*Asks:* 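After the structure tokens below, expect a handful of questions from me.
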Amino acid sequence: MVASCDSRHTVFRRIAQQSYAEWPAYRSTPLYDQSSLPGLEEDIWTVASTWFDHEDHHSVDEFVSHYPVAYVEFGPHDQYSGATQYEMAQLFRLFLLKELHGWTHETALLTYLTHYPELREQLELETIPDQSTLWRSWHERFTTELCETVEAAARTILIKAQNAGVAVPREPERSFPSQNDEANESDPSTQAVLGEAVSITDHVSRIVFPAFSLDRGDGCEIHENAYWDLQTHLGLRERLAANEGARSFVCESTRDQTPLGHVHRDQIRDLSIGQIREMYRKAVNRLLEEAAETEEFFRAGIALSISLRRTRLQVTEPGTKTKLSGRKSRPISTLISGPLFNWSAMRFRLSSMPVLCEEVNHGKR
């Protein structure tokens, strides 16, 4: 079977029903607009995560030809100003195809297109561009950022396809780009550690921040992301209140405008516990998806368990002190049948070492 209108509709219906993913991303967050390349990478990640689970989808080539890019504004990433024969969307698909197969030269792509006329038709190519056109488009017409987006999107497609058991034309890279930058440093300097921390923070922020949102209306001068940056700044330091933290954040941030402490406090405290929990769920899901694509997680085979259990506290010896998470411990001097608690725990198991990510006391029953 091959991709059809029905199978494509099924994929996008499934995406629409997901609580942790939005497509296209620019409609759900002020972080992106239609020309945002990180938004495009996220959109491809969202669709590819579901696309290859469909029983009729067995080809990365089909994904490239059927992924809808009409909403993407490539204009800001087009360094040509005059009339051209090939649209940016067409070239984007061609270079994505080239990257998926790992071809280093344009000739291999042209040969492939010559042998598969049905693929040319799906790509809406009336004629095949020559080698020089493709070379100039990649090296002169595409911005560096767009080239990097093509490479990142191809890696995502390969990983999602392989995870779903679909044959891929080459083995994808399953590690973060900066993972081995300090591999040869046995005792890295503080500056090197801070530099790596900044890189990791930027990477994680790109994944996590779209899961969080504030109800601020339109026309706000301070970017919503600044609030989450400040919240991260406060959370990484001990005993730092909002007002003092906002002042120190001005010195450390590279943003032109940052929120004042009282404004930040007003925005954050308006969020309900339910809203915050739902945003954290979305963020954790996004991080899990990203982590699952790394080489270490792929090789080890991660078991994620979410357990619900009830525990009844019983103490038999006078003077025993028993600690419950979320509850101040106190001496209990008699045999009691204590309060009933519901616990939920989420654990990863990597090799033989369990890592506890979250354990929440849901309250007294």
Side-chain angles (χ1 to χ4, degrees), residues 1-5 7-8 11 37 40-41 43-45 47-49 51-52 54-70 72 74-75 77-80 82-175 177 293 295:
M1 297 292 289
V2 296
S4 63
C5 288
S7 69
R8 296 198 297 271
V11 167
L37 295 179
L40 176 57
E41 291 180 34
D43 289 342
I44 290 176
W45 174 85
V47 177
S49 298
W51 179 274
F52 294 105
H54 195 285
E55 59 183 3
D56 293 342
H57 296 168
H58 307 292
S59 166
V60 295
D61 291 359
E62 283 189 346
F63 180 91
V64 172
S65 59
H66 289 297
Y67 180 83
V69 293
V72 182
F74 287 104
H77 315 290
D78 185 355
Q79 299 187 110
Y80 281 7
T84 55
Q85 182 177 359
Y86 296 98
E87 299 293 333
M88 287 287 286
Q90 290 178 306
L91 294 171
F92 177 80
R93 292 185 196 273
L94 289 178
F95 288 122
L96 191 54
L97 188 65
K98 177 176 177 287
E99 186 67 25
L100 283 171
H101 287 266
W103 294 318
T104 57
H105 198 273
E106 298 81 11
T107 303
L109 172 61
L110 299 178
T111 303
Y112 191 74
L113 292 173
T114 301
H115 290 161
Y116 293 96
E118 67 278 4
L119 178 59
R120 295 203 309 270
E121 183 178 349
Q122 292 173 356
L123 294 171
E124 299 180 352
L125 288 174
E126 296 181 1
T127 60
I128 300 177
D130 56 34
Q131 185 271 333
S132 61
T133 298
L134 289 176
W135 189 94
R136 288 194 304 271
S137 296
W138 182 259
H139 293 279
E140 298 175 2
R141 186 175 181 182
F142 275 33
T143 62
T144 301
E145 293 75 17
L146 183 54
C147 292
E148 292 173 351
T149 293
V150 170
E151 294 166 354
R155 174 180 173 270
T156 294
I157 295 167
L158 289 170
I159 289 174
K160 295 301 182 183
Q162 190 175 64
N163 288 351
V166 173
V168 293
R170 67 177 177 89
E171 189 71 20
E173 175 66 33
R174 288 181 177 267
S175 61
E293 296 175 3
E295 182 178 359

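Because the structure is a prediction, the values reported are computed rather than measured. These numbers come from the heavy atoms of this one structure, side chains and all, not from hydrogens, waters or symmetry mates.
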*Asks:* Between CG of Asp56 and CZ of Arg8, what distance do you get to the nearest 0.5 Å?
*Replies:* 11.5 Å
*Asks:* Quick one: does His57's side chain get under 4.5 Å of Val166's, heavy atoms only?
*Replies:* no
*Asks:* How long is the straight-line distance from CG of Leu110 back to NE2 of His115, given to the nearest 0.5 Å?
*Replies:* 11.0 Å
*Asks:* Below 4.5 Å, heavy atoms only, C-beta onward: do Pro169 and Leu158 meet side chain to side chain?
*Replies:* yes
*Asks:* In Å, rounded to the nearest 0.5 Å, how long is the span from NE2 of His77 to CE of Met88?
*Replies:*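 Atom-to-atom, His77:NE2 and Met88:CE are 8.0 Å apart.
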*Asks:* Just by distance, no angles: are the side chains of Asp130 and Ser132 close enough, under 3.5 Å, to form a donor-acceptor pair?
*Replies:*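 The answer is yes; a qualifying pair exists.
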*Asks:* Let me see the working for Glu106 and Arg136 under salt bridge (charged side-chain N to carboxylate O under 4.0 Å, His left out), right down to the final yes or no.
*Replies:* CA-CA 11 Å; Glu106 298 81 11; Arg136 288 194 304 271; over 6 Å; no
*Asks:* Considering residues, nucleotides and ligands other than Glu87, do more than 12 of their heavy atoms fall under 6.0 Å from its CD?
*Replies:*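 Not buried by this count: 12 neighbours or fewer within 6.0 Å.
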*Asks:* Would you check if the side chain of Arg141 reaches a backbone N or O of Thr133 as a donor-acceptor pair within less than 3.5 Å?
*Replies:* no
*Asks:* Main chain of Val64, side chain of Arg93: is a donor-acceptor contact present, judged purely on distance under 3.5 Å?
*Replies:*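 Yes; judged by distance alone, with no hydrogens or angles, the pair exists.
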*Asks:* So for atom CD, which belongs to Glu126, do other residues, nucleotides or ligands contribute more than 12 heavy atoms lying within a distance under 6.0 Å?
*Replies:* no
*Asks:* Any side-chain heavy-atom pair from Leu97 and Val60 closer than 4.5 angstrom?
*Replies:*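 They are not in contact (no side-chain heavy atoms under 4.5 Å apart), so the answer is no.
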*Asks:* To the nearest 0.5 Å, what is the distance between CG on Leu113 and NZ on Lys98?
*Replies:* 12.0 Å
*Asks:* Could you check whether Arg170 pairs with Glu99 (Lys NZ or Arg NE/NH1/NH2 to Asp/Glu carboxylate O, under 4.0 Å)?
*Replies:*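 Looking at Arg170 and Glu99, the cut-off is met.
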*Asks:* Enter the distance from Thr114:OG1 to Leu119:CG here, rounded to the nearest 0.5 Å.
*Replies:*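 Answer for the OG1-CG pair, Thr114 versus Leu119, is 11.0 Å.
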*Asks:* Does some side-chain heavy atom of Lys160 sit less than 4.5 Å from a side-chain heavy atom of Trp45?
*Replies:*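 SC-SC contact between Trp45 and Lys160 confirmed.
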*Asks:* Does the side chain of Tyr86 reach to within under 4.5 Å of the side chain of Thr127, using non-hydrogen atoms?
*Replies:* yes
*Asks:* Are Tyr67 and Trp51 an aromatic pair by the rule of ring centers under 6.0 Å?
*Replies:*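 No, the ring of Tyr67 stays outside the 6.0 Å limit from the ring of Trp51, centre to centre.
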*Asks:* Please examine the side chains of Ser137 and Leu94, heavy atoms only from C-beta on, and report whether any two atoms are closer than 4.5 Å.
*Replies:*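 No, too far: nothing below the 4.5 Å cut-off.
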*Asks:* Measuring from Ser65:OG to Arg120:CZ, what's the distance to the nearest 0.5 Å?
*Replies:*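 Going from the OG atom of Ser65 to the CZ atom of Arg120 covers 13.5 Å.
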*Asks:* Which one of Tyr80, Phe95, Phe92 satisfies the ring pair (Phe, Tyr, Trp, His ring centres under 6.0 Å) criterion with Phe142?
*Replies:* Phe95
*Asks:* What are the two closest non-hydrogen atoms of Ala3 and Glu62, and how far apart are they?
*Replies:*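 For Ala3 and Glu62, the tightest heavy-atom pair comes out as N-OE1, 3.2 Å.
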*Asks:* So do the side chains of Leu40 and Phe74 get within less than 4.5 Å of each other, counting heavy atoms only?
*Replies:* yes
*Asks:* For Tyr116, does the OH atom have more than 12 heavy-atom neighbours from other residues, nucleotides or ligands under 6.0 Å away?
*Replies:*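 For Tyr116, atom OH is not crowded (no more than 12 foreign heavy atoms under 6.0 Å).
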*Asks:* Compare every heavy atom of Ala154 with every heavy atom of Leu100, then report the nearest pair and how far apart it is.
*Replies:* CD2-O, 3.4 Å
*Asks:* Inspect the surroundings of CD in Gln131 and state if more than 12 heavy atoms from other residues, nucleotides or ligands are less than 6.0 Å away.
*Replies:*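 Counting other residues, nucleotides and ligands, CD of Gln131 exceeds 12 neighbours.
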*Asks:* If you compare all heavy atoms of Trp103 against all heavy atoms of Tyr112, which two are closest, and at what distance to 0.1 Å?
*Replies:*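 Where Trp103 meets Tyr112 most closely, the heavy atoms are CH2-CG, 3.3 Å.
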*Asks:* Evaluate the side-chain proximity of Gln90 to Leu123: yes if any heavy-atom separation is below 4.5 Å, no if none is.
*Replies:* no
*Asks:* How about Glu124: does its CD atom have over 12 heavy atoms from other parts shown lying under 6.0 Å from it?
*Replies:*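 Atom CD in Glu124 is not crowded, with 12 or fewer foreign heavy atoms closer than 6.0 Å.
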*Asks:* Answer yes or no: is there a donor N or O on one side and an acceptor on the other, between the side chain of Arg155 and the main chain of Glu173, under 3.5 Å?
*Replies:*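 Flag set: sc Arg155 to bb Glu173 pair under 3.5 Å.
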